[in-house]
Structures are given as C-alpha cells and as structure tokens.
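Below: the structure, in structure tokens.
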There are 2 protein chains.
Amino acid sequence: MAGNTFHKLRDEIENGIVTGTFEPGERLDEAQLAARFGVSRTPIREALMQLSAIGLVEIRPRRGAIVVDPGPNRIFEMFEVMAELESMAGALAARRHTEEDKAAILESHSRCEHSAASEDTDSYYYDNEVFHYAIYEASHNGFLAEQCVALHRRLRPYRRLQLRVRNRMKVSFREHAAIVEAILAGDAEAARSRLRDHVAVQGDRFSDLVSNLSRREATGAGGQRR
Amino acid sequence: MAGNTFHKLRDEIENGIVTGTFEPGERLDEAQLAARFGVSRTPIREALMQLSAIGLVEIRPRRGAIVVDPGPNRIFEMFEVMAELESMAGALAARRHTEEDKAAILESHSRCEHSAASEDTDSYYYDNEVFHYAIYEASHNGFLAEQCVALHRRLRPYRRLQLRVRNRMKVSFREHAAIVEAILAGDAEAARSRLRDHVAVQGDRFSDLVSNLSRREATGAGGQRR
DNA sequence: GTCAAATTTTTTGTATACAACAGAGATCAT
DNA sequence: ATGATCTCTGTTGTATACAAAAAATTTGAC
C-alpha cells in the first residue's frame with residue numbers, strides 16, 4: 001500500500017480538511033504546503049487536483065485553491081442524499097445479506113452497544129462508522145458502497161457535531177437496533193424507512209446542526225472569501 | 001469560462017473516454033497525450049489526476065494510467081444507484097417544483113415527443129438528457145443534481161447502447177409522460193417508482209445491455225490488461 | 001490625508017530536467 | 001533449448017526553472 005508521494009499527500013490534506021486543520025474557506029498555498037510536507041510543489045498540485053475533483057477544494061484559476069465551505073443549505077442537501085443512499089443500501093441488504101454479512105452487522109452492532117453504554121462518544125463514533133460500513137457491504141453493490149463511504153467521509157465533521165447533542169448517542173443506538181431487526185428479517189421497506197429517518201437531518205436535528213455550525217463560525221473558523 | 005489548460009485537457013480526455021476514442025483498458029501514455037495536445041506532460045498529469053479521482057481512469061503506481069473498464073456487473077451496479085438517485089430527484093420534484101420548473105419539464109418533454117415521432121435517435125438522446133436534467137433541477141437539491149449529472153454522464157455510453165433496442169425510444173417516451181404526470185400532480189411516490197422503473201436495467205433490458213457490451217468487446221474494444 | 005496609477009512582489013501555471021523504477025530483451029549458465 | 005540473471009531502454013514521479021497573471025506596495029497627484 002505504498003502509494004506515491006502525491007497519494008499520501010492527498011490523504012494527508014484531505015484528512016486535514018476533514019479534521020479541521022485546514023478550515024473552510026482557508027487558502028491552501030502551494031509553496032507553504034510544499035515546505036510543510038518537505039516536497040516540491042508538483043506533488044502538492046497533483047493532490048490538490050484530486051481533491052478538487054472530489055469537491056473538497058475549489059481551484060480558482062490563477063487565484064489558488066481554497067477549502068470548500070458548504071453553507072448550511074448545501075450540508076442539508078448532502079445529508080438528504082446520504083439518507084437516500086443509506087436507505088437504499090439498507091433495503092438491498094435486507095434482501096441480499098449473507099451469513100457473513102449478518103455476522104459483521106451483529107458484531108459491529110454489539111460494539112456500538114458497548115460504547116454507547118460507556119458513554120464514550122469517540123469510540124461510539126468509530127463503531128457507528130463500522131456499523132454503517134457493514135450495511136454498505138451487505139448491499140452487495142460495490143459502487144453504492146463506494147459512494148456511501150465517500151459521502152459518509154465528507155460529512156464526517158458535521159456528523160460529529162450532531163453527536164454532541166444530548167442523548168443523541170443512545171437514541172442513535174436504539175435506531176440501530178430497529179434497523180438491524182428489519183434487515184435481518186428481510187424487510188426491505190422497513191429497513192429503508194428506518195435508515196432514512198436515522199440519517200436524515202430533520203426538524204430539531206437540523207436546527208441543532210445549524211446552531212452548532214454558526215457557533216463554530218463565530219469562533220473564527222473562517223468562511224470569509226476575500 | 002476560459003479554464004486553464006489542464007481544465008480543458010480534463011474535459012477533452014474525459015470526453016474521449018466517454019465517446020470511445022480512448023477504449024476501456026487502454027493505456028494513457030503521458031508523453032503521447034502531451035504530444036497529441038501540444039502541451040507538456042505537467043498539465044496532462046494534472047488532468048489524469050482529476051479523472052482518477054472521479055474514477056474514470058486508474059493510476060497504477062509507476063505503471064501509468066489506464067481507462068477504467070467497469071465490467072457488466074459494475075455497470076449494473078451503477079444503473080441501480082442511478083435509478084435510486086433519479087427516483088429521489090423525481091420524488092422531491094413532485095413536492096418542490098415551481099412554475100418555472102414545470103415549464104422547463106413540459107418544454108423538454110414536448111421536445112422528446114417531437115424527436116421520438118421523427119424517430120431521430122440522436123436528437124432524442126439529447127432531448128432525453130435535457131428532460132432528465134430538468135427533473136434534477138426541479139428537485140431543488142443542488143448537490144443531488146450534481147451527483148445525478150455526474151453519474152448520468154458516466155453512464156452515457158451504456159445508455160446509448162440501450163437506445164438501439166427496437167422501440168425503446170417510444171416506450172421511453174411513454175414512460176416520460178407518466179413521470180411528468182406524477183410530478184405535476186405532486187404525487188411523490190408515483191414519481192419515485194415510475195422513475196425507478198424507467199431508469200433501472202432489469203430483466204430483458206439487462207440481457208440486452210450485456211449482449212451489446214459483449215458485441216462491442218468482440219469488435220476489439222479492448223479490456224485486456226497486460 | 002486620500003485616492004488612483006504604476007511598480008514591485010508574490011503566486012500560479014506550464015515546461016523542462018533528472019532520478020528511480022518497471023518491463024523487455026540480451027546474455028550466460030546449465 | 002530452457003531458465004535465470006543482468007543490462008538497457010522507456011516511462012513515471014519529483015524537482016526545478018521560467019513566464020504570466022494577480023495581489024500588494026509604493027509613488028504621485030490633488
């Protein structure tokens with residue numbers, strides 16, 4: 001899994017964006033990044049090109065690359081699509097899951113139970129991810145799984161904000177239980193609608209998200225485009 | 001909309017892949033492409049990086065880039081996802097469309113009628129695209145619209161194969177009519193299921209597609225990876 | 001002191017140079 | 001003749017160089 005320099009740089013920068021090292025709206029200076037990573041500008045540019053194709057950074061001609069800052073509206077749109085893709089995966093999983101899929105889902109589900117009980121948000125966050133990935137796999141649609149993983153990854157920072165809301169973790173786990181039940185029972189439509197509700201950001205959860213976003217904004221996360 | 005060299009190159013190569021100038025499995029030699037377009041290797045590489053991030057080409061470390069060749073299975077998976085995304089757009093459009101959206105849908109729909117009547121597959125192909133784009137817009141989810149356009153574009157060559165099947169054009173148009181009706185009536189679930197059936201590649205249509213694929217393969221389209 | 005034009009500086013975009021690696025062919029031993 | 005190793009060529013990956021454009025700064029007029 002070596003991956004050449006540009007590949008590692010791509011992951012590195014992508015990670016920096018997702019974890020917040022590079023803030024939304026921030027300008028990504030090529031020379032600066034090159035110095036930071038101890039390489040020349042060439043691989044940096046290649047990494048930025050890839051990130052721009054994914055939609056994580058925006059390259060403005062002759063004016064450099066900036067970290068894309070999706071407004072609350074765009075974030076909502078992304079969650080709306082994510083909900084539909086996940087519910088699709090769930091519906092397919094209900095119809096197509098194998099014994100191995102079942103084992104993987106149950107395994108990750110019980111891990112979630114454990115971290116939810118111990119109120120460890122960080123480890124719940126991780127286990128939750130594994131749980132969802134298990135469903136993607138069980139859909140037996142490789143392309144769908146890839147799309148889900150990519151979008152899930154992109155929404156990571158905002159998901160994280162959501163988990164901070166009081167009791168969200170336990171509610172989330174209860175929803176998981178209902179989803180598992182539907183999938184294992186082979187009830188595609190139940191799995192679909194339960195996953196949609198689980199992922200969608202509606203009503204209170206939307207306002208919670210927006211308020212968390214603006215709070216972050218206020219603490220100087222950027223967003224100002226000169 | 002000037003776009004720097006690498007931007008134009010990206011579109012150029014992407015187009016070449018979609019239209020078949022570059023065949024699936026074909027190796028994309030950087031120096032060769034550079035000579036062909038009269039530029040240096042640098043912008044060529046940047047274009048290839050972007051295409052690899054989209055998933056159109058695969059960059060094997062130290063072994064060059066090749067045009068990705070999705071097997072029949074992967075193509076089927078992509079159609080399955082496309083069907084779901086389109087039906088989602090249709091469902092949203094049924095609930096959210098404005099007067100302008102309605103006008104755009106009806107306009108493109110009647111264009112389709114015209115080209116279907118005159119049996120002009122090429123112009124039907126184009127008008128059909130406009131029709132579907134109008135639905136994406138009417139969903140009022142910009143992110144969803146982008147995803148749909150990207151996937152639609154990627155499936156272009158295979159859609160084209162499908163249209164060759166006898167009477168497909170007229171059947172397609174009749175399906176459009178039912179979809180328009182559902183959307184304008186605000187019936188989200190009808191729009192969803194009708195669009196899903198319209199886009200999905202099931203039963204006969206799947207075998208037709210596979211047979212067309214293998215016919216193309218037989219005429220020397222490549223796919224051999226050394 | 002303020003605003004605008006010109007100049008300098010910085011930064012991007014492309015080309016070229018060079019080093020490291022992969023694949024093909026040649027050489028050699030058996 | 002066959003198999004393995006070695007060499008050699010071709011291609012990729014990274015660094016550097018240079019040109020053009022945009023931002024910053026200075027200069028000058030009022």
Side-chain angles (χ1 to χ4, degrees), chain A residues 1-14 16-17 21-69 222-226, chain B residues 1-14 16-17 21-69 222-226:
Chain A
M1 245 170 260
N4 306 76
T5 308
F6 71 84
H7 191 272
K8 272 188 286 187
L9 285 174
R10 187 179 78 82
D11 291 349
E12 200 81 36
I13 298 175
E14 179 177 351
I17 292 174
T21 311
F22 304 110
E23 294 169 353
E26 183 176 341
R27 209 165 133 266
L28 296 171
D29 188 274
E30 294 175 5
Q32 211 169 301
L33 288 172
R36 175 173 190 151
F37 292 111
V39 297
S40 86
R41 275 177 52 219
T42 309
I44 295 282
R45 290 201 102 233
E46 294 178 345
L48 289 178
M49 289 292 168
Q50 301 215 90
L51 294 177
S52 107
I54 298 173
L56 269 176
V57 310
E58 182 187 338
I59 296 183
R60 303 162 304 173
R62 286 274 176 203
R63 307 190 59 228
I66 60 172
V67 178
V68 163
D69 178 16
Q224 70 292 352
R225 305 190 180 183
R226 277 176 282 181
Chain B
M1 250 351 82
N4 306 75
T5 307
F6 73 82
H7 191 273
K8 273 188 285 187
L9 285 175
R10 187 180 79 82
D11 291 350
E12 200 82 35
I13 298 176
E14 179 177 351
I17 292 173
T21 310
F22 303 111
E23 294 169 353
E26 183 177 341
R27 207 163 137 268
L28 296 171
D29 186 275
E30 294 175 4
Q32 210 168 302
L33 288 172
R36 176 174 189 152
F37 292 112
V39 296
S40 87
R41 275 176 54 218
T42 310
I44 295 282
R45 291 200 103 234
E46 294 179 345
L48 289 178
M49 289 294 167
Q50 302 215 90
L51 293 177
S52 109
I54 298 176
L56 270 176
V57 311
E58 183 187 337
I59 295 183
R60 303 163 303 174
R62 286 272 174 203
R63 306 187 59 228
I66 60 172
V67 179
V68 163
D69 180 16
Q224 70 292 350
R225 306 189 180 184
R226 277 176 283 182

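Sequence lines set the chain letters: A, B, ... in the order given, protein chains first and strands last, and positions in each chain run from 1. Note that the structure is predicted; figures quoted are calculated from it, not measured.
The two residues B:Val67 and B:Glu23 have their closest heavy-atom pair at CB-O, 3.4 Å.
The listed nucleotides are C:dT14, C:dT12, D:dT14; the one nearest the side chain of B:Ser40 is C:dT14.
If you take CZ of B:Arg41 and C1' of C:dA19, they are 12 Å apart, rounded to a whole angstrom. We find that CD1 of A:Ile66 is positioned 13 Å from P of C:dT12, with the value rounded to whole Å. One can place CD of A:Glu46 at 13 Å from P of C:dT14, the figure rounded to the nearest angstrom. As a whole-Å value, the separation of B:Ile59 CD1 from D:dT12 C1' is 11 Å. Summarising the geometry, the separation between CD on B:Gln32 and P on D:dG10 is reported as 14 Å, rounded to the nearest angstrom. Atom CD of B:Glu30 and atom C1' of D:dT11 are 8 Å apart (whole Å). The interatomic distance linking B:Arg60 (CZ) with D:dT12 (P) rounds to 10 Å, in whole Å. At whole-Å resolution of the value, CD1 in B:Ile44 and P in D:dT11 are 15 Å apart.
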Derivation and outcome, side chain to side chain contact (heavy atoms under 4.5 Å, CB included), residues B:Ile59 and B:Met49: CA-CA 8 Å; B:Ile59 295 183; B:Met49 289 294 167; 4.0 Å; yes
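A residue-by-residue look at B:Arg62 and A:Pro43 shows that B:Arg62 has its nearest nucleotide of DNA chain D further toward the 5' end. Between B:Asp29 and B:Thr42, the residue anchored closer to the 5' end of DNA chain D is B:Asp29, taking for each the nucleotide with the nearest heavy atom.
Side-chain to base pairing of A:Arg63 with C:dG13: no donor and acceptor N or O lie closer than 3.5 Å to each other.
The side chain to side chain contact (heavy atoms under 4.5 Å, CB included) test with A:Pro43 is passed by exactly one of A:Leu33, A:Leu48, A:Thr5: A:Thr5.
Here B:Arg27 contributes atom CZ and B:Gln32 contributes atom CD; the two are 8.5 Å apart, rounded to the nearest 0.5 Å.
In this model, the phosphate group of D:dT12 is approached by a side-chain N or O of B:Arg27 to a distance below 4.0 Å at OP1 or OP2. The shortest distance between the side-chain N/O atoms of B:Thr5 and the OP1/OP2 oxygens of C:dT14 is below 4.0 Å.
The pair A:Glu14-A:Arg10 meets the salt-bridge criterion, with a side-chain N (NZ, NE, NH1 or NH2) lying under 4.0 Å from an Asp/Glu carboxylate O.
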